Amino acid sequence: MIIVNFKTYESAVGENAIALAKIHELIAAETGAPIAVAVNALDLARVVAAVKIPVFAQHTDAAGFGSFTGSIVPELLQKMGVAGTLLNHSEKRVVEKLPELVAAAKKAGLQIVICAEDDDEAAEFAEKYEPDFVAVEPPELIGGEISVTSANPQIIEHSVAKVGAIPLLVGAGVKNGTDVATAIKLGAAGVLLASGVTKAANPAEVLRDLARGLIS
Ligand code: G3P
């Protein structure tokens with residue numbers, strides 16, 4: 001699985017979110033690789049309407065229909081056709097609230113990707129919450145030029161060993177097919193990345209390369 005987190009990059013919000021998501025859909029169809037996008041809450045409705053690949057939220061709240069002003073409501077996302085959500089991304093840490101956030105997202109039937117900063121957290125979250133995926137991302141490598149797969153392959157091996165049956169995604173600095181292939185070789189189920197695609201001059205070419213790494 002390749003999940004591209006659009007974050008709030010200008011190249012990946014508003015009209016650009018739709019155009020970029022369509023490129024992901026195109027490359028997913030062309031390569032057969034499972035590719036999903038995690039888009040800003042403000043763009044979810046339009047991106048879901050524009051593409052058939054899985055669309056994830058970047059965060060959800062423990063809120064339902066009713067008196068929850070300003071909240072991102074998991075049940076509403078599910079009704080809109082959103083496939084799942086990231087939770088506890090390094091840029092949106094909510095460790096204390098995870099019990100209620102996970103319960104609300106599960107109740108709504110959303111797939112859940114819980115982000116962890118290291119292998120111990122990955123193990124803890126896998127055991128406590130049994131999400132669909134745990135994504136391990138060393139914060140110091142996020143947005144940087146060096147991929148976790150070359151800077152810290154040990155964290156992948158240790159996380160794989162500790163999460164048991166829960167599929168592991170790895171992220172931070174992932175840029176190309178070689179990074180993806182290394183992650184897979186070390187036992188990961190896929191990658192979670194952002195800037196490698198959102199800052200690319202030619203996102204289609206990058207996605208094609210990432211897909212090659214996944215299925216090679
Ligand atoms: O959610 C993905 C992310 O935090 C990694 O970002 O830019 O290092 O691929 P980046």
Side-chain angles (χ1 to χ4, degrees), residues 1-13 16-17 20-21 23-24 27 33-41 43-44 47 53-60 72 82-95 98 101 105 110-119 121-122 125 131-153 155-156 159 167-184 188-203 205-211 213-214:
M1 166 71 104
I2 295 170
I3 303 181
V4 177
N5 181 0
F6 286 13
K7 300 195 175 181
T8 56
Y9 282 104
E10 200 171 356
S11 60
V13 294
N16 293 339
L20 190 58
I23 294 174
H24 286 67
I27 303 303
I35 299 177
V37 292
V39 310
N40 187 274
D43 295 318
L44 281 168
V47 172
I53 57 172
V55 178
F56 280 64
Q58 296 172 1
H59 169 79
T60 52
I72 302 173
V82 171
T85 187
L86 308 182
L87 284 176
N88 198 47
H89 188 277
S90 190
E91 294 152 10
K92 188 78 179 172
R93 293 270 291 174
V94 285
V95 177
L98 273 176
L101 298 187
L110 295 179
Q111 288 184 60
I112 299 171
V113 179
I114 303 185
C115 300
E117 292 191 341
D118 58 33
D119 50 309
E121 268 198 359
F125 296 158
D132 297 278
F133 295 92
V134 170
V136 68
E137 300 192 316
E140 68 280 6
L141 298 173
I142 290 178
E145 288 310 311
I146 305 170
S147 169
V148 60
T149 54
S150 44
N152 194 353
I155 201 175
I156 303 173
S159 298
L168 182 84
L169 303 178
V170 299
V174 170
K175 296 275 185 294
N176 56 46
T178 305
D179 298 337
V180 178
T182 304
I184 300 296
V191 294
L192 173 62
L193 76 153
S195 53
V197 171
T198 59
K199 289 183 169 180
N202 186 340
E205 204 38 59
V206 172
L207 285 164
R208 216 169 264 130
D209 187 35
L210 293 167
L214 191 68

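Worth knowing before you read on, the calculation uses all heavy atoms, side chains too, and leaves out hydrogens, waters and symmetry mates. Nothing here was measured: the structure is a model prediction, and the numbers come from that model. Start at 1 and go down the list; that is how both ligands and their atoms are numbered.
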Checklist entry - Any sub-3.5 Å donor-acceptor pair from D209's side-chain atoms to G177's backbone N or O? => result yes
Checklist entry - With sequence neighbours excluded, what pairs up with F133 under the ring pair (Phe, Tyr, Trp, His ring centres under 6.0 Å) test? => result none
Next on the checklist: Main chain of K7, side chain of Q58: is a donor-acceptor contact present, judged purely on distance under 3.5 Å?
Outcome noted: yes
Checklist outcome for this item: Output for ligand 1, non-hydrogen cut-off under 4.0 Å, lists N5, K7, H89, E137, I142, G143, A172, G173, L192, L193, A194, S195
Checklist entry - Between T85 (side chain) and L87 (backbone), is there a donor-acceptor pair under 3.5 Å? => result no
Checklist entry - Under 3.5 Å, is there a donor-acceptor pair between the side chain of N16 and the main chain of E10? => result yes
Checklist entry - Would you say D119's side chain and I155's backbone share a donor-acceptor pair under 3.5 angstrom? => result no
